[in-house]
Amino acid sequence: MLRHDFRPGRLVAGAAFVLAGVLFAGDAGGLWQTPWFVLIPLVTGGLCLAGAAGMTARSIRRRRGSSPRTGPTAPGANTTP
């Protein structure tokens, strides 16, 4: 049973930031040399891909007619006051 909807945009954004962090940490630790201008396209490209993935997932979710699980119509929610 899923506790929340799958959000692929957040997954892609997180992966881009983790990759940028690993590159920065490896450079700071002296394992390799990473030019400063590599991280800017990596992060902006990751955010653009995350936006595209999020919009695609939202359009698929809308087309299917499923609604988010928050609010009074959520499974197990008490609808009577």
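One is the number of the first residue; the rest follow in order along the sequence. Excluded from the calculations below are hydrogen atoms, water molecules and symmetry mates; all remaining heavy atoms, backbone and side chain alike, are included.
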Do any side-chain atoms of residues 38-53 form donor-acceptor pairs under 3.5 angstrom with protein atoms, and if so which ones, sequence neighbours left out?
residue: Thr44; atom: OG1; partner: Ile40; partner atom: O; Å: 2.9
residue: Thr44; atom: OG1; partner: Pro41; partner atom: O; Å: 3.3

Give the table of side-chain donor-acceptor pairs shorter than 3.5 Å for residues 18-31, with sequence neighbours excluded, one pair per line with atom names and distance.
none

Query raised in the report: If you draw a 6.0 Å radius around CH2 in Trp32, do more than 12 non-hydrogen atoms from other residues or ligands fall strictly inside?
Result: yes
Query raised in the report: Roughly how far, to the nearest 0.5 Å, is OG1 of Thr56 from CZ of Arg61?
Result: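 Between atom CZ of Arg61 and atom OG1 of Thr56 there are 11.0 Å.
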